[in-house]
Amino acid sequence: MNGRKADGPGLEKLLKDAFSANRRAVSKLITLAENDPEMCLEISRRVYAKTGRAWLIGITGPPGSGKSTLTDKLAKLLRKDGQKIGIVAVDPSSPFSGGAILGDRIRMNDLTLDENVFIRSMATRGHLGGLSESVLSAIRIFDACGCAFILIETVGVGQSEVEIARIADTTLVVSVPGLGDDVQTLKAGILEIADVLVVNKADREGAEEFANMLRAAQLLSGESGSETWKTPVVLTSALQSEGVVELMETILKHREAVNTSKTFEELRRKRLREEILLLLRYETSKLIDGLFSLERDLDERLPDMYNRTVNPFDWVQMKVERIKTAYDRKS
């Protein structure tokens with residue numbers, strides 16, 4: 001096995017060690033998946049049968065809302081309860097290396113010493129939603145390696161706020177009084193994705209008023225939850241460890257509520273369907289591109305398209321017709 005790829009026997013050994021909760025093996029497995037799309041698919045295929053047992057907690061909200069501190073405190077609470085946990089912290093990509101800009105993750109440093117805590121910071125790598133296939137792969141690996149809870153902290157800007165709700169079993173939307181979130185909350189429509197609304201830094205002036213504003217916004221928007229779960233507003237001050245126990249209790253109540261709901265199983269099936277469709281489209285697109293040299297041809301004709309001597313839409317139509325003709329000949 002070299003530094004980047006694992007051969008067949010090497011991957012077997014790595015998987016075996018990872019399934020025994022060897023942190024070094026888990027880390028290497030995630031690195032392989034992160035650096036190589038083909039290996040990512042192979043690892044996901046190999047670990048899939050062992051997944052589906054972890055409870056996924058998504059933590060999103062604007063930068064500066066204290067998501068990392070809250071993640072750290074929740075993780076420590078779960079560890080006191082003897083749970084093995086995974087943390088996936090999605091960070092912006094470095095413009096220089098393409099890797100993750102670690103930012104506030106340094107606050108979780110003491111957790112790295114715990115053998116039953118698996119932490120991975122991952123870069124968005126320009127993915128539109130901030131949650132790339134390699135992030136999904138890391139979640140699967142943690143799940144397969146026996147983590148009972150996986151905390152997924154998003155960048156907290158843009159599409160990732162919405163996308164996390166498609167992955168997490170419980171989505172926490174973290175806001176802070178005094179950051180202008182009152183306007184942003186209503187604009188972004190994040191009430192819709194929250195299973196629990198968290199007002200962090202509640203020791204600040206105006207926290208109760210902000211919580212009441214969120215409750216009023218829920219009523220006005222009609223987004224106060226479902227028949228089985230009414231979205232609560234929980235006040236915390238993570239830095240002072242205040243309200244974190246109550247938040248954890250709320251998360252566990254949400255888990256109990258959705259676990260007994262028929263719609264939860266339907267939701268997980270729907271998520272799996274969407275994920276597999278996305279993967280199928282990606283792989284099909286890659287295959288067609290390779291068979292018909294689409295990208296290479298595009299690069300050759302791009303100057304003409306730019307100069308308006310070739311119409312790009314005619315070119316696309318011509319390529320599609322060529323693919324259809326090739327398919328008809330073989331079928």
Side-chain angles (χ1 to χ4, degrees), residues 1-59 68 71-94 96-125 127 131-154 167:
M1 183 174 67
N2 60 34
R4 184 168 177 268
K5 287 194 174 186
D7 55 18
L11 183 58
E12 287 292 344
K13 174 76 166 56
L14 206 52
L15 285 164
K16 185 180 175 186
D17 290 347
F19 293 154
S20 301
N22 179 310
R23 291 209 306 172
R24 187 175 171 83
V26 171
S27 178
K28 280 187 176 179
L29 212 52
I30 293 174
T31 299
L32 282 173
E34 194 172 22
N35 289 338
D36 187 327
E38 288 184 16
M39 187 59 76
C40 182
L41 184 61
E42 175 63 12
I43 291 171
S44 293
R45 188 181 72 80
R46 300 287 289 274
V47 304
Y48 180 72
K50 291 180 177 289
T51 61
R53 290 171 291 189
W55 193 256
L56 311 184
I57 302 172
I59 302 169
S68 292
T71 301
D72 176 76
K73 301 292 182 181
L74 288 173
K76 285 172 179 167
L77 268 183
L78 287 166
R79 284 298 300 131
K80 278 187 182 175
D81 198 35
Q83 304 287 355
K84 185 182 293 181
I85 61 167
I87 298 173
V88 178
V90 183
D91 291 286
S93 300
S94 163
F96 304 106
S97 66
I101 299 173
L102 296 182
D104 291 341
R105 313 302 183 225
I106 197 167
R107 291 178 188 169
M108 297 183 201
N109 263 356
D110 49 345
L111 280 174
T112 62
L113 302 174
D114 190 327
E115 286 294 318
N116 287 304
V117 178
F118 301 82
I119 302 177
R120 187 68 172 206
S121 274
M122 306 189 80
T124 59
R125 299 198 174 195
H127 189 273
L131 299 172
S132 62
E133 178 56 28
S134 56
V135 169
L136 299 179
S137 180
I139 293 169
R140 288 188 204 105
I141 291 168
F142 283 157
D143 190 355
C145 296
C147 291
F149 291 86
I150 300 172
L151 308 176
I152 309 145
E153 183 191 336
T154 74
I167 296 167

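No experiment lies behind these values; they were computed from the predicted model shown.
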Worksheet item: Below 4.5 Å, heavy atoms only, C-beta onward: do E153 and I87 meet side chain to side chain?
Response: no
Worksheet item: What's the spacing between L151 CG and I57 CD1 if we round to 0.5 Å?
Response: 5.0 Å
Worksheet item: Excluding sequence neighbours, so at least two apart, what forms salt bridge (charged side-chain N to carboxylate O under 4.0 Å, His left out) with D17?
Response: K13
Practice prompt. Give the minimum heavy-atom separation between S134 and M122, together with the two atoms involved.
Written response: O-CE, 3.4 Å
Discussion item. If the condition is side chain to side chain contact (heavy atoms under 4.5 Å, CB included), which residues does D114 pass it with, not counting sequence neighbours?
Written reply: R79, N116, V117
Worksheet entry | For the student: nearest non-hydrogen atoms of A25 and A18, plus distance | CB-N, 3.6 Å
Worksheet item: K76 and K80: side chain to side chain contact (heavy atoms under 4.5 Å, CB included), yes or no, with the steps?
Response: CA-CA 6 Å; K76 285 172 179 167; K80 278 187 182 175; 5.9 Å; no
Fill in: Spatial distance of atom CD1 (I167) from atom CD1 (I152) [nearest 0.5 Å]
6.5 Å
Worksheet item: Of all heavy-atom pairs between K84 and A21, which one has the smallest distance, and what is that distance?
Response: NZ-CB, 3.4 Å
Worksheet item: Looking only at heavy atoms, which two atoms of M39 and L11 are closest? And how far apart?
Response: SD-CD2, 4.2 Å
Worksheet item: Can you name the nearest heavy-atom pair linking S44 to S137, along with the distance?
Response: OG-OG, 3.7 Å
Worksheet item: Would one find more than 12 heavy atoms of other residues, nucleotides or ligands at under 6.0 Å from atom CZ of R53?
Response: yes
Item to complete: For I85 and C147, run side chain to side chain contact (heavy atoms under 4.5 Å, CB included): C-alpha distance rounded to whole Å, both residues' side-chain angles, the deciding distance at 0.1 Å, then the answer.
Response: CA-CA 5 Å; I85 61 167; C147 291; 5.6 Å; no
Worksheet item: Can you tell me how far the CZ atom of F118 sits from the CG atom of N22, to the nearest 0.5 Å?
Response: 8.0 Å
Worksheet item: With a 4.0 Å cut-off, would you call E42 and R46 a salt bridge?
Response: yes
Fill in: By side-chain hydrogen bond (donor to acceptor under 3.5 Å, both in side chains) - contacts of S27 (at least two apart)
R120
Item to complete: List the steps and the verdict of side chain to side chain contact (heavy atoms under 4.5 Å, CB included) for I59 and T154.
Response: CA-CA 6 Å; I59 302 169; T154 74; over 6 Å; no
Discussion item. Ignoring hydrogens, what is the shortest heavy-atom contact between I150 and D143? Give both atom names and the distance.
Written reply: CD1-N, 3.6 Å
Fill in: Within 45° cone and under 6.0 Å: K50 NZ/CZ vs F19 ring
yes
Discussion item. Are the side chains of V88 and F142 in contact, using a 4.5 Å heavy-atom criterion?
Written reply: yes
Discussion item. One pair to check against side chain to side chain contact (heavy atoms under 4.5 Å, CB included): L32 and L14. What are the steps and the verdict?
Written reply: CA-CA 11 Å; L32 282 173; L14 206 52; 3.5 Å; yes
Worksheet item: So, do R24 and K28 sit near enough that their side-chain heavy atoms are less than 4.5 Å apart?
Response: yes
